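The block underneath contains the structure these notes are about, expressed in structure tokens.
Throughout, a chain's letter reflects where its sequence line sits, starting with A, and its residues are numbered from 1. The shown structure was predicted, so the numbers you read here are calculated from the model rather than taken from an experiment.
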Number of protein chains: 2
Amino acid sequence: MTADPSAAFHDHDHAACAATALSRAEAICADAGVRLTPVRRRALEILLEEHRALGAYDVLEKLAADGFGKQPPVAYRALDFLVEQGLAHRIRRLNAFTACTTPGDAHAPVFLICSTCDAVAEAPGAAVRDALDGAAESIGFAVTRASVEAVGLCPACREATS
Amino acid sequence: MTADPSAAFHDHDHAACAATALSRAEAICADAGVRLTPVRRRALEILLEEHRALGAYDVLEKLAADGFGKQPPVAYRALDFLVEQGLAHRIRRLNAFTACTTPGDAHAPVFLICSTCDAVAEAPGAAVRDALDGAAESIGFAVTRASVEAVGLCPACREATS
DNA sequence: AACGCGCATGTAATATCATAACGTTCCGGG
DNA sequence: CCCGGAACGTTATGATATTACATGCGCGTT
Ligand SMILES: [Zn+2]
Ligand SMILES: [Zn+2]
Ligand SMILES: [Zn+2]
Ligand SMILES: [Zn+2]
């Protein structure tokens, strides 16, 4: 059940898409022996509502509306947890967070950010990562973490523009 | 005179390295018909002092010490100008800026950031960019801008750790 | 049961990064 | 000379992120 990486840019059964991600998240947490507590779970649900990236304060606002704490650390802690567990990613270019669409898979994600509709997709990044490792290794640099973030036009917006 | 991309991680004649970058910057600005004013030039010199990335407020502090304005826009404007002209790059992962080591060359830079000594190098990113374009194109996404930033260990720090 | 401990949660306060809005100066073209 | 745009400066504010500390809860030990 490898997800379509471009789903973010197409109509799809998103309720199912989010539900799958959520149940995978539960399995992953159980497996790792960590707790997907109510705030954390709710934060993930919030990120899963759309294929976009949300700022910590956006998430915080929704969490607060649901009766959770109103202070920044509430959101940052939940989000940090999700990122640590590989259930969400931080998009540095946007100072924002997005739910991982393929949690559990080892992956070197490449983010594609549509500048028109703000959708964010996670493309398979193995080839990019290989190229990066090659470039780094050639000058003796050992990569431990990398972020690859591209801004551009998604298929739908591309069509609309043409 | 293609610069060694790994110079940032090695001992080298850095005075010459910085002087070259500065004179290339002057040529580029003259060529583009834009003005490398005193603040802008000084900001570039500050970035060129080390192969590291500096936050806007770090640059601002040094500019202020040299008699320029003391308010954030002073630094941000100078830095934005340098980035626009391709004389500096913004490292989003660090919320910081670094001087371009090969200004003028069309380049799709890949940044290598040493987590131990904070040095930042700019590696040739053509291969990475090709892989990225391929991944994006396969799902119909057209990349307009990309940032590739890797954190890891530079050759020197790698050796020190082993 | 009582205790001690780790972890999750909450709050207040503060730090860090970035931009908006506006006035002044400088300088080249009409 | 006068105008207009670009650069620079300031004040104020907005947006993002962290530090420090208090409280409550589950859980194994005594
Ligand atoms: Zn979906
Ligand atoms: Zn789009
Ligand atoms: Zn140098
Ligand atoms: Zn190093």
Fill in: Rounded interatomic separation in angstrom, taking CG from A:L60 and P from D:dA15
14 Å
Discussion item. Using OP1 and OP2 only, check whether a side-chain N or O of B:R35 sits under 4.0 Å from C:dC27.
Written reply: no
Discussion item. Taking atom types as they are modelled, would you say the side chain of A:R77 forms a donor-acceptor pair with the base of C:dG10 within the 3.5 Å cutoff?
Written reply: yes
Worksheet item: Ring centres of A:F111 and A:H89 under 6.0 Å apart?
Response: yes
Item to complete: Return the stacking result for C:dT16 and B:Y57: yes when the ring centres lie under 5.5 Å apart and the planes under 30°, no otherwise.
Response: no
Item to complete: Would you please confirm or rule out a distance under 4.0 Å between OP1 or OP2 of C:dC17 and any side-chain N or O of A:N95?
Response: no
Worksheet item: Once you round it to whole Å, what is the distance between P of D:dA6 and CD of B:E84?
Response: 12 Å
Discussion item. Any carboxylate oxygen within less than 4.0 angstrom of a Lys/Arg side-chain nitrogen, looking at B:K62 and B:E50?
Written reply: no
Practice prompt. Could you tell me the separation between the CZ atom of A:R92 and the P atom of D:dT16, rounded to a whole number of Å?
Written response: 14 Å
Fill in: Distance, rounded to the nearest Å, where B:L79 contributes CG and D:dC8 contributes P
12 Å
Item to complete: Starting from P on C:dG10, measure out to CG on A:D66 and report it in whole angstrom.
Response: 12 Å
Item to complete: Determine, step by step, whether B:R35 and B:C29 satisfy the side-chain contact (heavy atoms from CB on, under 4.5 Å) criterion, reporting the C-alpha distance in whole Å, the side-chain angles of both residues, the deciding distance to 0.1 Å, and the verdict.
Response: CA-CA 6 Å; B:R35 297 197 287 146; B:C29 288; over 6 Å; no
Worksheet item: For B:L82 and D:dA7, what is the distance between atoms CG and P respectively, to the nearest whole Å?
Response: 12 Å
Fill in: Position toward the 5' end of DNA chain C (nearest nucleotide), A:Q71 or B:D80
A:Q71
Item to complete: Nearest-nucleotide wise, let me know which of A:F81 and B:P72 is further upstream toward the 5' end of DNA chain C.
Response: A:F81
Item to complete: Fit a plane to each ring of A:H51 and A:H12, take the angle between them on a 0 to 90° scale, and name the class: parallel (under 30°), tilted (30 to 60°) or perpendicular (over 60°).
Response: tilted
Worksheet item: Rounding to a whole Å, what distance do you find between B:K70:NZ and D:dC8:C1'?
Response: 14 Å
Worksheet item: For C:dA18, does OP1 or OP2 lie under 4.0 Å from any side-chain N or O of B:Y76?
Response: yes
Discussion item. Base, sugar-phosphate or nothing for B:R90? Non-hydrogen atoms, less than 4.0 Å.
Written reply: sugar-phosphate
Practice prompt. Please tell me which of A:D58 and A:P73 maps to the more 5' nucleotide of DNA chain D, matching each residue to the nucleotide holding its nearest heavy atom.
Written response: A:D58
Practice prompt. Please answer whether the main-chain N or O of B:G140 pairs with a side-chain N or O of A:R158 as donor and acceptor at a distance below 3.5 Å.
Written response: yes
